[in-house]
Amino acid sequence: MESSSFPDLNLIPFLKLEPKTEPDDPAEPALGPACPLEPAPPPPPPPLTQNPNPSPDHGSLLSPELHTPLQALSPNPDEEALFAEYYRLAHLFLSAAAAGGRGVIVPASGAGGGGGRDPLSIVPAPASGPGAGAIVVQQKKRKARSSEMVRVSSLGVRDQIYFRDLVRRARITYESLRSLLIREEEKAEALGLLGRRTRADLRAAALMANRELWLNRDKRIIGTIPGIGVGDAFFFRMELCVLGLHGQVQAGIDYVSASRSASGEPVATSIIVSGGYEDDDDKGDVLIYTGHGGRDQKLNKHCVDQRLEGGNLALERSMAYGIEIRVIRGVKSDKSPTGKIYFYDGLYKVVEYWFDSGKSGFGVYKYKMLRIEGQEEMGSVNLRIAENLKVNPLGVKPTGYLSLDMSLGKETFPVMLFNDIDNDQEPLLFEYLPRPIFPASALQGKFAYGGGGCECSTNCSIGCFCAERNGGEFPYDNNGILLRGKPLIFECGPFCRCPPSCPNRVSQKGVRNRFEVFRSKETGWGVRSLDVIRAGTFVCEFSGFVLTKQQSDVLAMNGESLVYPNRFPSRWQEWGDISDVIPDYVPPNFPLLPDLGFSIDVSRARNVACYLSHSCSPNVFVQFVLFDHYNASYPHLMIFATENIPPFRELSIDYGVVDECVGKLMLESSH
DNA sequence: GACCCTTCATGGAG
DNA sequence: CCTCCATGAAGGGT
């Protein structure tokens, strides 16, 4: 290729940013505003990366707009009120219908045209037709994506945490909305009011779009998206759009179009490899990617030659300019509601392209892409390794395993112990205790709190004793995913009549994933999973000998290793929070938690949870749960995922340690 | 800006 | 399990 005839990369108005120099300011908290350990007013943006060429047009890439899409909105109060009203009405209609009414929610457009302004509306209608009963989101017109191309150079630790939290918040909002919409439809369906299910993944995105909550639309980012790391896992294509990782709903190649690019040529930004094209040849680091087009709409067969246009041309141009491209792989998995998990696998460059005859006999463009070296391992690769490891651990890693099940069969799934960096075998010295042991005094007479359990002969349903005990709604969805964090959750217990299959029995069933306690240079002992853990799923319980406050005080003086439940920040508040979209979506009345004075002694017996590392930007959190006894002063410390956690990624929790960003809970600090 | 067109989704039915 | 198919929405192209 005569790449020398192409304009230099600098002609493309990418904004090159210098890495921020970490200000070692001891007066500032180590994490500054990026680490909100306690509820605080919205943090000011962290110090920005230096922009060498400030200009009124570009400004800093990390301008306030980019930093604060969640806060910097100017919410329209009318619209907020409208939306709140919408939800109030939706519930009214559903409950009216439950009481024998005929109220149905239909799209505004189907109810007489007009009213294009309103994002939503509800009208009573006969319960018939395919659209009946669905909660429909009418989308507002919005500005097109920006065509200003920028590249983000390496961010400081603080900025990384800031953007990570920003992305996590958007993802929680998205997933919580999706889940809420599904539940609302299930209610309508149970009442026989729903004609057909709609696409909750699309509607959740639409709700966020109406509130300008999609990220990274004001710049077209080439390369790494702040807050999204190599290996991150996603379950819906639409979520990739919401985050700005890949802006095409279905198309595999995302690019800045020629007409909008400063150089007049298209530039590719990201591709998705999903196994849909028969001529792809995916070897991981080396990828032969097929261009788009030339296929019959119905069958996925090629029927005409592809042409060098659109995304195909963009890939060719990106090769000519040497521009890196984000690669996302769609991997088949039965762990995903869509049957696919999308992994962000990092940056690649196109090194070669050619026109070839495809397997169907028609011409296709092929692009040889090489993965840029020095990046984290790919999520899709880790998934494969982990699958093999589960089947044949010693075949995959002949050395390093100290135990294939350090729980000795006490957990529902084996917990492996791995160390390939030093001779430390410490976890083997402790008795493995899968469940906490409560002091008898704490449980005296507390088993049948609130009149015992429910009387349900089958799985519990709305309105039953246990639902009421949880404030009128069940804490989990049908897949056992926690809907929203609460101060305290009541699962069904031994005093309930409902069967073990009741969806209100989740964390009591114990570990559902294959975990590995492993040794690392950075965090000492840590925990990782061989399974993909979906956000909101139960991870494990924090076990040990539970001590009363009096016992804790005594043992603390002896220097024992105690974990204090009340020191965990209330991270449960973040999970299920949709206040960015529905400001006054009030949670049902929760039971309030009394002050927790107890502690857990892990100096003699412990479980996998004890090896979780600390982080101020954690991927798991503590949720208090009661089920086997109902003494609210001694809840179980159940741990749930707040992000999708890919295989081999270290699990981390916020212990409430303020003096250290990423460090280990100082359990053995006395040594 | 209004269409039209394409697109490695998705969920359900068969 | 697979294949079909209706529905769907973003964004490029005209």
Side-chain angles (χ1 to χ4, degrees), chain A residues 107 109 116 129-131 134 136-147 178 181-182 185-186 189 194-210 214 217 220 234-261 265-282 287-304 306-307 309-315 327-332 334 336-343 345 358 364-367 380:
Chain A
S109 53
V136 172
V137 179
Q138 187 165 349
Q139 288 216 45
K140 292 197 299 186
K141 289 249 184 299
R142 43 176 192 151
K143 253 179 25 183
R145 277 193 298 183
S146 159
S147 57
R178 201 186 67 83
L181 289 164
I182 288 172
E185 277 195 358
E186 280 170 353
E189 199 171 40
L194 188 66
R196 181 173 51 221
R197 291 262 181 119
T198 57
R199 291 277 299 272
D201 56 325
L202 303 183
R203 289 179 301 143
L207 285 172
M208 292 180 73
N210 285 349
W214 286 30
R217 285 178 62 85
R220 292 299 297 269
F234 308 84
F235 292 96
F236 292 90
R237 275 288 292 266
M238 209 55 180
E239 190 179 9
L240 307 180
C241 296
V242 171
L243 301 177
L245 187 61
H246 185 84
Q248 301 288 337
V249 181
Q250 292 189 22
I253 307 169
D254 196 14
Y255 60 101
V256 180
S257 68
S259 59
R260 311 186 64 205
S261 147
E265 298 162 286
V267 174
T269 53
S270 57
I271 62 165
I272 295 196
V273 194
S274 205
Y277 277 69
E278 58 189 9
D279 296 309
D280 285 356
D281 183 14
D282 188 359
L287 167 65
I288 310 291
Y289 190 74
T290 314
H292 61 193
R295 295 203 304 180
D296 187 78
Q297 291 99 325
K298 297 225 190 300
L299 297 89
N300 282 345
K301 280 283 177 189
H302 288 273
C303 53
V304 290
Q306 291 184 345
R307 292 193 294 190
E309 60 189 17
N312 297 351
L313 182 59
L315 283 173
V327 171
I328 298 118
R329 279 193 178 77
V331 182
K332 273 197 168 58
D334 52 11
S336 164
T338 60
K340 262 180 193 161
I341 302 178
Y342 296 95
F343 288 104
D345 272 348
V364 292
Y365 279 92
K366 289 186 173 176
Y367 301 85
S380 59

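Throughout, protein chains are lettered first and strands after them, A, B, ... in sequence-line order, and every chain is numbered starting at 1.
- Residue A:Ile272 contributes atom CD1, which lies 15 Å from atom P of B:dT7 at whole-angstrom precision.
- In this structure, A:Gly330 reaches neither bases nor backbone, as no heavy-atom distance under 4.0 Å exists between it and the strands shown.
- Atoms CZ (A:Arg203) and C1' (C:dA9) sit 14 Å apart, rounded to a whole Å.
- Heavy-atom nearest nucleotides on DNA chain C were determined for A:Arg199 and for A:Ala258, and the one closer to the 5' end corresponds to A:Arg199.
- Within the nucleic acid shown, A:Asp254 has no heavy atom closer than 4.0 Å to any nucleic acid atom.
- Of the side-chain N and O atoms in A:Arg260, one or more sit less than 4.0 angstrom from OP1 or OP2 of C:dG12.
- Under 3.5 Å, the side chains of A:Arg203 and A:Thr198 contain a donor-acceptor pair of N or O atoms.
- In this structure, A:Pro337 reaches the sugar-phosphate backbone alone: every heavy-atom distance under 4.0 Å involves primed, P, OP1 or OP2 atoms, never a base.
- A salt bridge does not link A:Asp334 with A:Lys340: none of the charged nitrogens is closer than 4.0 Å to a carboxylate oxygen.
- The phosphate of B:dT7 (OP1 or OP2) has no side-chain N or O of A:Tyr255 nearer than 4.0 angstrom.
- Each of A:Lys332 and A:Gly247 was matched to the nucleotide of DNA chain C holding its nearest heavy atom; the match closer to the 5' end belongs to A:Lys332.
- In summary, A:Glu239 and A:Arg178 do not engage in a salt bridge, as defined by a charged side-chain N under 4.0 Å from a carboxylate O.
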Task: Base-pairing string, 5' to 3', of DNA chain C - Watson-Crick or wobble, under 3.5 Å, | interstrand - done: .||||||.||||||

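- Within 4.0 Å (heavy atoms only), A:Gly311 reaches no atom of the nucleic acid at all.
- Considering only the side chain of A:Val249, C:dA10 comes nearest among B:dC8, C:dA10, B:dG12.
- Using a 4.0 Å heavy-atom criterion, one finds that A:Arg220 contacts the sugar-phosphate atoms exclusively.
- Ionic pairing of A:Asp282 and A:Arg329 is present here: one or more N-O contacts between side-chain nitrogen and carboxylate oxygen are shorter than 4.0 angstrom.
- Within 4.0 Å (heavy atoms only), A:Tyr289 reaches at least one base atom of the nucleic acid.
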